[in-house]
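Below: the structure, in structure tokens.
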Amino acid sequence: MNIQGISIGNLTINQRLFVLIILFIGLPFFLLGSFWYQSSTEAIEQFAAGANKRIIEQTNVSLDSYISNLENSTYPFIHNPQIQQFLSTSQLTPYAYFQLATKVENDLFAQMIYGRSDIIGISLVADNKRQITDYESAPGLLDMSEIRKRNLSFQAQLDQFSDFQIIGLSRVGKTPALTVARKLYDNSSFLYKGLLIVDLNLKQIGAICSNDSLGGFDVWIMGRGGQVIYHPDSNLVGSIVEQGLFARIQNQNSSFFRHQDAASSTEKMVLHERSQITGWTVVADLPLNNLIGGLITQRNYSLAAAAMLMIIALALVGGFSLSLTRPLSMLQKLMARVERGDFVLPTKMNRFRNHEMTAVFQSFYSMTGELKRLIREVHDSRLKERELMIRQKESELRSMQSHINPHFLYNSLEIINSYAIADDHMDISRMTRALAHMFRYNIGHAGSVVPLREEMRHVQFYLDLQSARFRKLQIDIDVDEHDLDRVKAVRLTLQPIIENVFIHGYRGKKPRYLGISTRAEGHYFAVVIQDKGIGMNSEKKRHIRGILQTPENPEDELRSNEGEEPTSGIGLLNVHQRLQLTFGAEYGLHLVQSVPDEGTQFEVRLPYMTSEEAHHVPVNDD
């Protein structure tokens with residue numbers, strides 16, 4: 001970018017900041033200032049109107065609550081036995097009527113009027129022309145005949161009223177009152193036969209509308225037809241709102257508007273909110289001068305302050321740019337060292353007056369430290385992966401070393417088996433076939449995965465040979481045949497464990513018992529191998545469990561116990577590592593329990609086959 005032949009790329013950071021402030025702050029500020037000046041007045045008006053609108057809404061809520069509470073206080077009249085007696089068509093003697101009226105006044109009217117200063121009087125009127133009235137709280141002298149005549153006219157309009165009806169303004173003597181009515185029905189016929197009429201003074205409504213939080217403006221209430229229900233100016237109560245103002249208030253597209261008051265020739269902001277409960281509209285007249293005069297003054301002061309801040313920003317930008325360029329240059333040099341692979345950085349943390357720059361350097365040092373840690377972890381993980389591969393190769397090599405020319409031995413055993421069958425020596429034939437199967441099974445890859453059925457078949461042949469050797473040996477096999485084809489095993493892993501029973505489990509004793517059972521768990525399948533041999537002491541159990549539970553370098557555990565017993569645990573460790581290398585760390589060999597002179601129990605945990613693997617189980621016809 002060039003400005004009159006000057007390239008921005010050749011400017012220093014200090015100069016660039018000056019250019020940026022002038023182009024992107026100063027110039028837009030002055031260009032938009034005039035437009036903002038004109039539009040801000042309208043925005044301020046809308047903001048002020050919105051703020052006061054919430055007050056009007058709260059006033060409306062308070063009025064709704066007031067009317068709702070009044071409605072709730074009339075509910076006891078509906079099912080009261082005395083009211084039902086009053087509504088009934090049966091004739092009452094003058095004395096009985098007097099007693100009923102006295103009870104209603106003392107029990108019901110007094111209960112409703114108690115603690116309320118807004119009730120002028122209460123009337124009960126029925127379609128049988130009966131009336132009970134209580135206007136003792138009314139100011140001045142009243143013509144009760146006029147009130148009774150009015151009550152009868154309301155009773156004649158009973159079918160036009162809702163259950164609770166705000167009838168509207170009326171006069172009780174010289175006092176303006178708000179009249180409400182509750183329809184009453186006869187429980188025997190379920191027909192509306194009477195009205196409860198309550199006359200309220202406007203003091204409570206006036207108190208709600210003149211709340212101190214409303215500010216210095218008038219709040220008044222307009223009824224559905226445009227009649228003024230309440231106004232701070234008592235002369236306007238009951239008057240009709242002018243047609244133009246009424247039409248704009250009824251317009252639901254806007255909740256506030258400007259209006260020129262014809263009487264006072266002042267422009268006002270009119271806010272209004274309609275109640276869904278009463279149907280009234282709460283209206284507030286806010287003189288614009290009082291509403292936004294102070295805000296416009298504040299706006300002008302804000303413009304002047306903004307211009308002053310602009311000048312101060314240009315004066316301070318030079319010093320501020322220096323506080324940025326020096327640490328940025330240092331950070332650039334450190335990052336260049338990291339790019340070259342040099343993570344040995346100065347350990348002294350630079351402190352700057354600018355806290356953000358200090359935080360940047362702290363984050364940079366944290367980042368380089370994390371990079372060093374991740375590089376070490378990647379290096380260590382690669383070393384562990386190579387170590388696992390070497391262990392697997394060593395395991396396979398050990399298995400291969402145990403194959404002493406298996407093909408020659410297998411063929412020789414087949415010849416011996418033929419001679420045994422020819423001479424009718426079936427025991428020799430069975431032992432020869434078992435031994436031949438074992439050699440042929442050993443030809444397979446030691447690390448290959450096979451169904452558990454093949455491993456169990458190989459173990460059965462091995463036990464046939466041991467049974468021929470130890471005649472009193474009791475073999476207890478409890479295996480679910482259905483599970484053998486849905487569990488995976490590694491070739492030549494069960495037989496070494498069973499062989500360990502004969503070598504170590506019954507050392508110095510004749511083997512007398514060997515148990516093999518299975519158990520299906522949720523995440524693995526267990527093959528349990530148990531003997532009743534010499535068992536292990538606590539130190540030997542700790543040693544065996546140590547080499548099986550050490551996740552890394554279990555050979556260290558073996559070397560630490562070389563003085564006790566040569567090769568102790570090597571065979572078990574070999575089986576355990578082969579299972580874990582093939583299936584994962586959650587599988588393998590576990591020492592369940594061992595009690596001296598009572599026996600030992602091992603558990604081999606194997607995985608289940610997937611549905612696809614189960615459909616491709618090979619069939620061995622050996």
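Positions are given from 1 along the sequence.
Y608 contributes a side-chain N or O that, together with a main-chain N or O of Y524, makes up a donor-acceptor pair within less than 3.5 Å. Side-chain atoms of Q84 come within 3.5 Å of backbone N or O of I78 as a donor-acceptor pair. Checking side-chain atoms of N201 against main-chain N and O of S117 turns up a donor-acceptor pair under 3.5 Å. When atom types are taken as modelled, the side chain of S62 and the backbone of Q58 share a donor-acceptor pair closer than 3.5 angstrom. D118 places no side-chain N or O within 3.5 Å of a backbone atom of Q204 that could act as its donor or acceptor partner.
Summarising the geometry of M112 relative to S73, their closest heavy-atom pair is CE-OG, 3.5 Å, with the distance given to 0.1 Å. Closest of all the heavy-atom pairs between W280 and I166 is CZ2-CG2, 3.8 Å.
Using a 3.5 Å distance cut-off with no hydrogens or angles, the side chains of Q131 and N151 do pair a donor with an acceptor. For the residue pair Y192 and D127, no side-chain donor N or O sits within less than 3.5 Å of a side-chain acceptor on the partner. For the residue pair T102/E105, the side-chain donor-acceptor check at 3.5 Å is not satisfied.
The closest side-chain heavy-atom distance from F246 to I240 is not below 4.5 Å.
In this structure, L374 places its CG atom where more than 12 heavy-atom neighbours from other residues, nucleotides or ligands lie under 6.0 Å away.
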Would L63 and S275 satisfy side chain to side chain contact (heavy atoms under 4.5 Å, CB included), going step by step from the backbone distance to the final call? CA-CA 9 Å; L63 287 173; S275 169; over 6 Å; no
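Under the 4.0 Å criterion applied to side-chain N and carboxylate O atoms, E146 and R150 are not assigned as salt-bridge partners.
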